[in-house]
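The block underneath contains the structure these notes are about, expressed in structure tokens.
Everything quoted here is computed from the prediction, not taken from an experiment.
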Amino acid sequence: MHMTLIDPEKQSPEGSAEIARKAGKLGTDAVMVGGSTGVTQENLDGAVDQIKKAVRLPVIYFPSGAKAIARHCDAVYFMSMLNSMNIKNVTGEHSRGAPVIRKLGLETLSMGYVIVAPGMKVGEVGEADLIQRDDIPRAVGYALTAEMFGMDLFYLEAGSGAPDPVPAEMVKAVRESVEMPLVVGGGITEAEHASALVRAGADIVVTGTLVENGAFESKLKKIVTAVHRA
Ligand code: 1GP
């Protein structure tokens with residue numbers, strides 16, 4: 001699957017809906033809404049409401065903490081940054097958000113989330129002890145941890161805007177070690193990146209930055225097609 005990540009801080013709610021509409025037409029399978037900084041309850045609700053009006057795709061909240069919760073989304077990634085050095089990113093924000101999520105009756109998708117170098121903004125604000133790009137055993141160890149904890153998904157993140165995606169060899173080793181669905185994102189800007197990652201075993205490929213540039217359609221089309229064909 002291909003998922004399009006939309007950061008509600010980067011444009012108006014109508015702008016977010018327009019991106020979702022275009023991405024939907026090009027075949028993206030779901031929309032994720034979130035960002036590492038600048039997400040407020042107001043811009044989040046605005047974006048989710050407009051996106052829901054514009055497309056029939058699943059809209060999943062990709063949170064950075066408990067300060068805002070997308071009450072009108074279809075599901076929430078209940079994600080733990082397993083390699084954060086700050087406990088609030090591992091279970092702390094969760095303990096504050098969980099009662100609200102339960103009250104709202106939202107569906108949760110539990111996810112082990114790890115940050116691979118260079119990590120970019122999310123590595124910084126998440127205080128991640130980055131997995132070095134050649135440290136495949138550490139990535140495999142975290143994937144097994146997520147699986148043994150019973151999590152639904154495992155996400156290998158290079159960071160939004162990373163110059164290169166997570167190495168395909170790392171994805172392959174993780175794929176060979178666990179059966180859970182594998183999400184890969186950060187720095188995927190070319191169809192070749194997407195097909196190499198899917199061939200290595202990624203189940204879900206996420207792109208975000210790409211759609212922040214006005215004329216993204218032809219690039220996105222190539223990436224979505226590469227994901228579906230690989
Ligand atoms: C960020 O993995 C996503 O969480 C998307 O990264 O913005 O580099 O596509 P990009």
So, [X] side chain and [Y] main chain: donor-acceptor pair closer than 3.5 Å or not?
X: Glu157; Y: Val116; result: no
X: Arg175; Y: Val178; result: yes
X: Asn89; Y: Gly126; result: yes
X: Asn83; Y: Ile115; result: yes
X: Asp152; Y: Met111; result: no
X: Arg56; Y: Gly24; result: no

>> Within the 3.5 Å criterion, strictly below it, is a donor on Ser16 or Gln11 matched to an acceptor on the partner's side chain?
In response: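 A donor-acceptor contact under 3.5 Å links the two side chains.
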> Going by atom types only, do Ser36 and Ser64 share a side-chain donor-acceptor pair under 3.5 Å?
Replying inline: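 Result is no, nothing qualifies.
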>> Looking at every heavy atom in both Val206 and Ile188, which two are closest together, and how far apart are they?
In response: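 Shortest heavy-atom separation between Val206 and Ile188 comes out as O-CD1, 3.8 Å.
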>> If you compare all heavy atoms of Ala168 against all heavy atoms of Leu197, which two are closest, and at what distance to 0.1 Å?
In response: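 Looks like CA-CD2, 4.2 Å.
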> Considering only heavy atoms from C-beta outward, does the side chain of Leu106 approach that of Tyr61 to under 4.5 Å?
Replying inline: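 They are not in contact (no side-chain heavy atoms under 4.5 Å apart), so the answer is no.
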Measuring from [X]:[atom1] to [Y]:[atom2], what's the distance to the nearest 0.5 Å?
X: Leu26; Y: Thr4; atom1: CG; atom2: OG1; value: 8.5 Å
X: Lys67; Y: Thr40; atom1: NZ; atom2: OG1; value: 9.0 Å
X: Thr28; Y: Met3; atom1: OG1; atom2: CE; value: 8.0 Å

> Parallel, tilted or perpendicular for Tyr155 and Phe62, by the 30°/60° rule?
Replying inline: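 Taking Phe62 first and then Tyr155, their aromatic rings lie parallel (interplane angle under 30°).
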> Could you go step by step and tell me if Glu93 and Arg96 meet the salt bridge (Lys or Arg N to Asp or Glu O under 4.0 Å) rule?
Replying inline: CA-CA 5 Å; Glu93 290 291 313; Arg96 294 174 50 227; 3.1 Å; yes
> Got a sec: does the CD of Glu217 have more than 12 other heavy atoms crowding it under 6.0 Å?
Replying inline: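 For Glu217, atom CD is crowded (more than 12 foreign heavy atoms under 6.0 Å).
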> Quick one: do Ile60 and Tyr113 end up in the same hydrophobic cluster if we chain Ile, Leu, Val, Met, Phe, Trp and Tyr together by side-chain heavy atoms under 4.5 Å apart?
Replying inline: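 Shared cluster, yes.
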